[in-house]
Amino acid sequence: MLSNRAGILLVTALAPAIWGTTYLVTTELLPPDRPLLAAVLRALPAGLLLLALTRRLPTGQWWWRAAVLGTLNIGVFLALLFVAAYRLPGGVAATAGAVQPLIAAGLSAAVLGERFTLRTALAGVAGVAGVGLLVLRADARLDAVGVAAALGGAAVMATGVVLSKRWTTPAPLLAVTGWQLVAGGLLLLPVALAAEGPPPVGLTAGNLLGYGYLSIVGAALAYALWFRGIRALSPTTVTFLGLLSPLVATALGWLVLGQHLTWAQTAGALTVLAALVAAQARRRPAAGAPAAPAVPAVRAEVKNPEPQRS
């Protein structure tokens with residue numbers, strides 16, 4: 001039987017695994033050249049749905065805290081992600097973004113007092129190398145603005161994860177997730193209208209299906225699982241799970257789109273998995289030191305059942 005911690009790790013890992021399906025859904029179902037519209041329709045409707053289900057608004061300091069977390073975890077992160085995606089080959093953007101666990105580990109040490117261990121550093125470097133082998137191409141071009149956006153997105157998301165751990169609230173998990181999705185979606189809305197104009201007319205059934213999947217599964221479900229994991233695990237542990245996204249995206253490209261998988265990509269996938277296992281392994285307490293307490297079970301916090309899940 002799986003330990004409680006192992007179960008929480010597996011459930012949390014579903015979030016980046018779902019996010020790994022975004023590339024397939026975007027290329028196969030969504031209209032081209034509207035990435036910011038996709039970001040808005042992914043975040044805002046999902047947030048409004050969760051608010052309607054929980055009927056809970058922020059109180060006191062959580063008005064500005066939810067705005068800050070939504071800006072970091074959703075709004076600014078997705079904006080920088082799409083800037084990087086437009087200005088860089090996908091492999092370069094994904095490789096630059098793979099530094100997020102190292103940034104989160106450093107911030108956790110500074111803000112939360114967690115230890116930055118040699119094993120964490122080596123696993124982080126291995127994760128970047130593995131993602132590079134998995135998705136980087138020999139003819140990939142570098143663009144200074146794109147690289148800065150990819151690194152900035154990793155730093156912003158890592159900061160959001162660490163602050164999500166530092167700022168705790170007894171509010172229901174789905175409500176807090178909804179607050180952040182609404183805040184991030186509202187931030188992205190004017191940017192999308194200014195950069196891309198109004199939504200295109202004549203959306204097909206496939207387009208609507210794709211947007212619906214990204215909103216319900218890719219946002220409402222995935223972010224709730226992600227924030228649930230942050231409540232129970234360390235930020236460093238959670239961000240290492242994000243390495244699953246390029247792994248799943250590559251696997252789907254091979255399985256669904258018939259893309260060729262090279263030996264270098266296979267080696268990269270194995271390196272990413274090794275980095276994930278190394279990062280999740282718990283340190284044994286020193287002789288005579290008390291054992292670390294078990295991770296408490298995460299209880300259901302709302303009367304409404306969680307929607308089936310990104």
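Numbers here are sequence positions counted from 1.
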For this session: Would you mind reporting whether R231 and I8 have side-chain heavy atoms less than 4.5 Å apart?
Result: no

Exercise. If you take all heavy atoms of L78 and R42, which pair is closest and at what distance?
Worked result: CD2-NH1, 4.2 Å

Exercise. Going by heavy atoms in the side chains, are L102 and T239 under 4.5 Å from each other?
Worked result: no

Problem set entry | Any donor-acceptor N/O pair, N207 side chain to L29 backbone, under 3.5 Å | yes

Exercise. How many angstroms lie between atom CG of L209 and atom CG of L203, to the nearest 0.5 angstrom?
Worked result: 12.5 Å

For this session: Report yes if the side chains of L14 and L10 come closer than 4.5 Å at any heavy-atom pair, otherwise no.
Result: no

Exercise. What are the two closest non-hydrogen atoms of H260 and Q265, and how far apart are they?
Worked result: O-OE1, 3.3 Å

Exercise. Taking a hydrophobic cluster as the set of Ile, Leu, Val, Met, Phe, Trp and Tyr residues connected by side-chain heavy atoms closer than 4.5 Å, whether directly or through intermediates, do L133 and V125 fall within one such cluster?
Worked result: no

Problem set entry | Nearest heavy atoms of A158 and L107, plus distance in Å | C-CD1, 4.1 Å

Problem set entry | Y23 atom OH: more than 12 heavy-atom contacts under 6.0 Å | no

For this session: Test side-chain contact (heavy atoms from CB on, under 4.5 Å) on L214 and L41 and set out the steps.
Result: CA-CA 8 Å; L214 290 181; L41 294 181; over 6 Å; no

For this session: Indicate if W167 and V156 have the same hydrophobic cluster label, given that clusters are the connected sets of ILVMFWY residues with side-chain heavy-atom separations under 4.5 angstrom.
Result: yes

For this session: Could you grab the distance from atom CG of L69 to atom CG of L181, nearest 0.5 Å is fine?
Result: 11.5 Å

Exercise. Looking only at heavy atoms, which two atoms of V162 and S108 are closest? And how far apart?
Worked result: CG2-OG, 3.7 Å

For this session: Using the rule that two of Ile, Leu, Val, Met, Phe, Trp, Tyr join whenever any of their side-chain heavy atoms come within less than 4.5 Å, decide whether L270 and L244 are in one cluster.
Result: no

Problem set entry | salt bridge (charged side-chain N to carboxylate O under 4.0 Å, His left out) pairs, two or more places apart, involving residues 194-211 | R34-E196

Problem set entry | Neighbour count above 12 (heavy atom, 6.0 Å) for W254 CH2 | no

Exercise. Looking at OG1 of T271 and CG of L276, how far apart are the two atoms once the value is rounded to the nearest 0.5 Å?
Worked result: 11.0 Å

Exercise. Below 4.5 Å, heavy atoms only, C-beta onward: do W179 and L51 meet side chain to side chain?
Worked result: yes

Exercise. In terms of hydrophobic clustering (I, L, V, M, F, W, Y; side-chain heavy atoms under 4.5 Å; direct or indirect links), are V83 and L81 co-clustered?
Worked result: no

Problem set entry | Main-chain N/O of V111 paired with R166 side-chain donor or acceptor, under 3.5 Å | yes

Exercise. Taking C-beta and beyond as the side chain, do R5 and L233 meet within less than 4.5 Å on heavy atoms?
Worked result: yes

Exercise. Looking only at atom types and distance, does a side-chain atom of K165 sit under 3.5 Å from a main-chain N or O of P235, one as donor and one as acceptor?
Worked result: no

Exercise. With side chains defined as the heavy atoms from C-beta onward, is the minimum distance between M157 and L72 less than 4.5 Å?
Worked result: no

For this session: Might you point out which heavy atoms bring T177 and L50 nearest each other, and give the distance in Å?
Result: CG2-CD1, 3.7 Å

Problem set entry | V40-L193 co-clustered via ILVMFWY side chain contacts under 4.5 Å | yes

Exercise. Is there a side-chain contact between F227 and V176 (heavy atoms, below 4.5 Å)?
Worked result: no

For this session: Could you name each residue pair satisfying salt bridge (charged side-chain N to carboxylate O under 4.0 Å, His left out) that touches residues 94-109, not counting sequence neighbours?
Result: none

Exercise. If you round to the nearest 0.5 Å, how far is CG of L134 from OG1 of T262?
Worked result: 8.5 Å

Problem set entry | Minimum-distance pair of heavy atoms, taken over all atoms of N73 and S164 | ND2-OG, 3.3 Å

For this session: For the residue pair P16 and L243, establish whether any side-chain heavy-atom pair is separated by less than 4.5 Å.
Result: no

Exercise. Does G218 offer a backbone N or O that forms a donor-acceptor pair with the side chain of W19 under 3.5 Å?
Worked result: yes

For this session: May I ask you to decide if A17's main-chain N or O and S245's side chain share a donor-acceptor pair within less than 3.5 Å?
Result: no

Exercise. Which value, rounded to the nearest 0.5 Å, describes the distance between L122 atom CG and T117 atom OG1?
Worked result: 8.5 Å

Exercise. Roughly how far, to the nearest 0.5 Å, is OG1 of T12 from CH2 of W226?
Worked result: 8.0 Å

Problem set entry | Verdict with reasoning, Y213 to I18, per side-chain contact (heavy atoms from CB on, under 4.5 Å) | CA-CA 10 Å; Y213 172 84; I18 290 168; 4.0 Å; yes

For this session: Take L9 and T237 through the test side-chain contact (heavy atoms from CB on, under 4.5 Å) and record every step on the way to the result.
Result: CA-CA 9 Å; L9 279 169; T237 296; 3.6 Å; yes

For this session: Could you go through the side-chain contact (heavy atoms from CB on, under 4.5 Å) check for T236 and F116 one step at a time?
Result: CA-CA 9 Å; T236 303; F116 190 107; over 6 Å; no

